Amino acid sequence: LGSGTTEDWLFLILEAALLLFVLRYVLEEASEFVGFESKGGKMRISIKWDYFLDAWNILDWFNLIMMIVTVCYKIDTWAKAGSLYVISPSDWKLVTRGMYSNF
């Protein structure tokens, strides 16, 4: 979560809201091509294949997939960055003092 400042928390909250928006958008798009029909007292799922013939629907799904991939990259970055140790630039000379003594 960075340094835990108000700005870091605000970004986390806004990204969580964006994730909820993407989830809602996926469910909305899925509801356009998945339907339920009753035959003989049983509920069956039916898929409206004409939905995929409209270029705007394909563009919507491409956009959704790109947003999901971006969220996955963000989560991967958070997971990898959690184990990093970051020092301030003012301490850099203390850390690198012995590294370049052979030059």
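Everything quoted here is computed from the prediction, not taken from an experiment.
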Can you name the salt bridge (charged side-chain N to carboxylate O under 4.0 Å, His left out) partners of [X], sequence neighbours left out?
{"X": "Glu37", "answer": "Lys39"}
{"X": "Lys80", "answer": "Asp76"}
{"X": "Glu29", "answer": "none"}
{"X": "Glu32", "answer": "none"}

Suppose we screen for ring pair (Phe, Tyr, Trp, His ring centres under 6.0 Å). Which residues come up paired with Phe33, at least two apart in sequence or across chains?
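Ring pair (Phe, Tyr, Trp, His ring centres under 6.0 Å) list for Phe33, sorted by chain: Tyr51, Phe52.
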Any residue meeting side chain to side chain contact (heavy atoms under 4.5 Å, CB included) with Ile45, in chain and number order, not counting sequence neighbours
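With neighbours one apart ignored, the set is Val34, Phe36.
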What residues form a side chain to side chain contact (heavy atoms under 4.5 Å, CB included) with Val71, not counting sequence neighbours?
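Checked Val71 against side chain to side chain contact (heavy atoms under 4.5 Å, CB included); matches are Leu19, Ile75.
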hydrophobic_cluster_shared for Trp78 and Ile13, side chain cutoff 4.5 Å
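No, Ile13 does not connect to Trp78 through the hydrophobic network.
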Do the side chains of Ile58 and Leu64 join up, straight or via other hydrophobic residues, at under 4.5 Å, putting them in one cluster?
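Yes: a chain of side-chain contacts under 4.5 Å links Ile58 to Leu64.
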CG on Leu27 to CG on Leu23, rounded to 0.5 Å:
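Answer rounded to 0.5 Å: 4.5 Å.
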As a test of understanding, state which of Leu14, Leu12, Asp8 forms a side-chain contact (heavy atoms from CB on, under 4.5 Å) with Leu10.
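With Leu10 as partner, Leu14, Leu12, Asp8 yield a single side-chain contact (heavy atoms from CB on, under 4.5 Å), made by Leu14.
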Less than 4.5 Å apart, side chain to side chain, heavy atoms only: is that true for Val26 and Trp61?
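Answer yes - side chains close enough.
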Any chance you could pull the hydrophobic cluster mates of Val69, using side-chain heavy atoms under 4.5 angstrom and chaining through other members?
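Members alongside Val69: Ile65, Tyr73.
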For Leu53, the rest of its hydrophobic cluster, which grows through side-chain links under 4.5 angstrom
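Result for Leu53 is none, singleton.
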My understanding is that only residues two or more places apart in sequence, or in another chain, count here; which of them pass side-chain hydrogen bond (donor to acceptor under 3.5 Å, both in side chains) with Arg24?
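Counting only residues at least two positions away or on another chain, Arg24 forms a side-chain hydrogen bond (donor to acceptor under 3.5 Å, both in side chains) with Glu28.
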Pair listing, side-chain hydrogen bond (donor to acceptor under 3.5 Å, both in side chains) test, anchored in residues 12-21, at least two apart:
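Pairs touching residues 12-21 that pass the test: Glu15-Lys74.
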Is it the case that atom CZ in Phe11 sees more than 12 heavy atoms from other parts of the structure closer than 6.0 Å?
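It does not: Phe11 CZ has 12 such atoms or fewer within range.
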Restricting to pairs with a member in residues 45-60, which pass salt bridge (Lys or Arg N to Asp or Glu O under 4.0 Å), not counting sequence neighbours?
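Non-adjacent pairs meeting salt bridge (Lys or Arg N to Asp or Glu O under 4.0 Å): zero.
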